[in-house]
Amino acid sequence: MMNLTREDLIQSDATMNQMRNMVYHLVRFMKINGISETKENLRKMGRNIALTYLQYWKPIEQVTKANLTSVITTIYKKILNSSVSVVLDEINNIVIVKDNDCSLCKYQFNDIDVAGCEVIVGMISEMISQINKENPLIVLQPRDIIESRTFGHKACVQSFKYKEGGV
């Protein structure tokens with residue numbers, strides 16, 4: 001039996017397949033057992049993943065509005081092995097991320113009403129918050145999953161609200 005550390009796991013491609021399978025089993029379990037707030041629970045899971053992941057890898061020392069799209073792109077590439085497009089709507093302070101190959105939403109499920117990438121939006125926002133903990137130049141909050149491959153869309157489109165200068 002192999003004993004893998006968390007550091008070993010962040011180097012493994014198989015981890016994301018296991019994570020995706022686990023998320024949908026968990027969503028079904030929660031639904032069967034009448035557990036509400038599924039979306040919030042998945043986002044909390046993502047926040048917890050971010051806290052652990054940052055102990056082993058941090059993409060940058062400080063996140064600003066100027067480097068926000070680059071940092072988000074780097075996180076998706078490194079952790080999720082996804083190439084994403086990121087649009088910054090500076091009028092409404094919204095970030096839109098389009099992921100054509102979302103690692104947690106590979107398949108459409110008719111019995112699932114919460115997208116797996118709820119975990120991702122929780123993770124991304126928490127990573128940025130933790131990186132900027134000492135000097136919060138920009139804070140990111142999850143908004144909506146606009147589209148998801150889980151629901152039959154061609155891509156996952158996630159949105160975040162950002163605030164400059166702290167909370």
Side-chain angles (χ1 to χ4, degrees), residues 10 16 19-20 23-24 26-27 30 35-109 112-167:
I10 67 172
M16 216 32 85
M19 177 77 172
R20 179 180 55 243
V23 165
Y24 291 108
L26 178 62
V27 168
M30 291 171 74
I35 298 169
S36 59
E37 301 175 354
T38 303
K39 179 169 71 170
E40 292 77 10
N41 285 321
L42 292 180
R43 288 181 180 186
K44 184 177 181 182
M45 182 188 303
R47 290 192 302 272
N48 289 336
I49 290 168
L51 293 172
T52 300
Y53 214 98
L54 285 169
Q55 294 174 24
Y56 304 99
W57 177 78
K58 188 160 75 165
I60 199 163
E61 292 304 313
Q62 188 72 56
V63 183
T64 65
K65 189 166 126 183
N67 68 13
L68 180 61
T69 59
S70 172
V71 171
I72 290 172
T73 302
T74 300
I75 293 170
Y76 273 82
K77 186 67 183 159
K78 171 73 176 170
I79 298 176
L80 304 165
N81 200 25
S82 278
S83 297
V84 296
S85 62
V86 181
V87 176
L88 201 60
D89 173 350
E90 296 185 48
I91 294 168
N92 297 304
N93 289 8
I94 294 173
V95 179
I96 305 287
V97 178
K98 183 177 183 185
D99 188 348
N100 291 315
D101 194 29
C102 179
S103 56
L104 294 183
C105 299
K106 192 170 185 176
Y107 307 107
Q108 180 178 355
F109 293 105
I112 300 289
D113 57 1
V114 178
C117 52
E118 292 289 356
V119 174
I120 295 171
V121 297
M123 181 188 74
I124 298 291
S125 58
E126 186 66 24
M127 285 189 93
I128 303 239
S129 293
Q130 290 300 314
I131 291 167
N132 281 357
K133 195 174 191 172
E134 301 300 316
N135 187 11
L137 297 175
I138 196 159
V139 175
L140 205 61
Q141 291 296 323
R143 263 183 91 229
D144 298 308
I145 304 299
I146 298 167
E147 294 181 7
S148 173
R149 293 170 61 191
T150 301
F151 306 137
H153 298 108
K154 293 197 183 312
C156 288
V157 180
Q158 304 141 358
S159 67
F160 301 85
K161 186 88 173 161
Y162 72 86
K163 187 184 276 188
E164 292 182 85
V167 184

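Here, residue 1 is the first one in the sequence, and each next residue gets the next number. Worth knowing before you read on, the calculation uses all heavy atoms, side chains too, and leaves out hydrogens, waters and symmetry mates. Remember, it's a predicted structure, so these values are computed and weren't measured experimentally.
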Taking it one step at a time, do Ile120 and Cys102 satisfy side chain to side chain contact (heavy atoms under 4.5 Å, CB included)?
CA-CA 9 Å; Ile120 295 171; Cys102 179; 3.8 Å; yes

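- Distance NZ/Lys133 to CD/Glu126: 8.5 Å, rounded to 0.5 Å.
- Between Lys161 atom NZ and Ile94 atom CD1 the span is 5.0 Å, to the nearest 0.5 Å.
- Ile124 and Tyr76 get closest at one heavy-atom pair: CD1-CE1, 3.6 Å.
- In this structure the side chain of Lys163 never reaches within 4.5 angstrom of the side chain of Asn93, judged on heavy atoms.
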Between Ile128 and Ile72, is a side chain to side chain contact (heavy atoms under 4.5 Å, CB included) present by the stated rule, with each step listed?
CA-CA 9 Å; Ile128 303 239; Ile72 290 172; 4.2 Å; yes

Carefully, step by step, assess Ile145 and Lys39 under the rule side chain to side chain contact (heavy atoms under 4.5 Å, CB included).
CA-CA 10 Å; Ile145 304 299; Lys39 179 169 71 170; over 6 Å; no

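- Residue pairs meeting the side chain to side chain donor-acceptor pair (under 3.5 Å) criterion with at least one member in residues 138-156, sequence neighbours excluded: Tyr24-Thr150, Asp101-Arg149, Ser148-Thr150.
- Closest approach of Lys78 and Tyr53 over heavy atoms only: O-OH, 4.4 Å.
- One finds the OG atom of Ser125 at 10.5 Å from the CD atom of Gln130 (value rounded to the nearest 0.5 Å).
- Within the 4.5 Å cutoff, the side chain of Val63 has heavy atoms near those of the Leu68 side chain.
- Note that CG of Leu104 is 9.5 Å distant from CG of Asp99, once rounded to the nearest 0.5 Å.
- In this structure, OG1 on Thr52 lies 7.0 Å from CG on Asn48, to the nearest 0.5 angstrom.
- In this structure, the separation between CG on Asn67 and CD1 on Ile60 is 4.0 Å, given to the nearest 0.5 Å.
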Side chain to side chain contact (heavy atoms under 4.5 Å, CB included) between Met30 and Val114: does it pass, once the steps are laid out?
CA-CA 11 Å; Met30 291 171 74; Val114 178; over 6 Å; no

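- Contact of the Met45 side chain with the Asn41 side chain is not registered, since no non-hydrogen atoms from C-beta on lie closer than 4.5 Å.
- Shown here for Asn132 and Leu137, the closest heavy-atom pair between the two residues is ND2-N, 4.0 Å.
- The minimum heavy-atom distance between Glu118 and Val121, with the atom names listed, is O-CG2, 3.2 Å.
- The two residues Gln158 and Cys117 make their nearest non-hydrogen contact at NE2-CB, 3.2 Å.
- When all heavy atoms of Ser129 and Leu140 are compared, the pair lying nearest together is OG-O, 4.4 Å.
- Side-chain contact between Val87 and Lys98 is absent, with no heavy-atom pair separated by less than 4.5 Å.
- The closest donor-acceptor contact from the side chain of Thr64 to the backbone of Ala66 lies under 3.5 Å.
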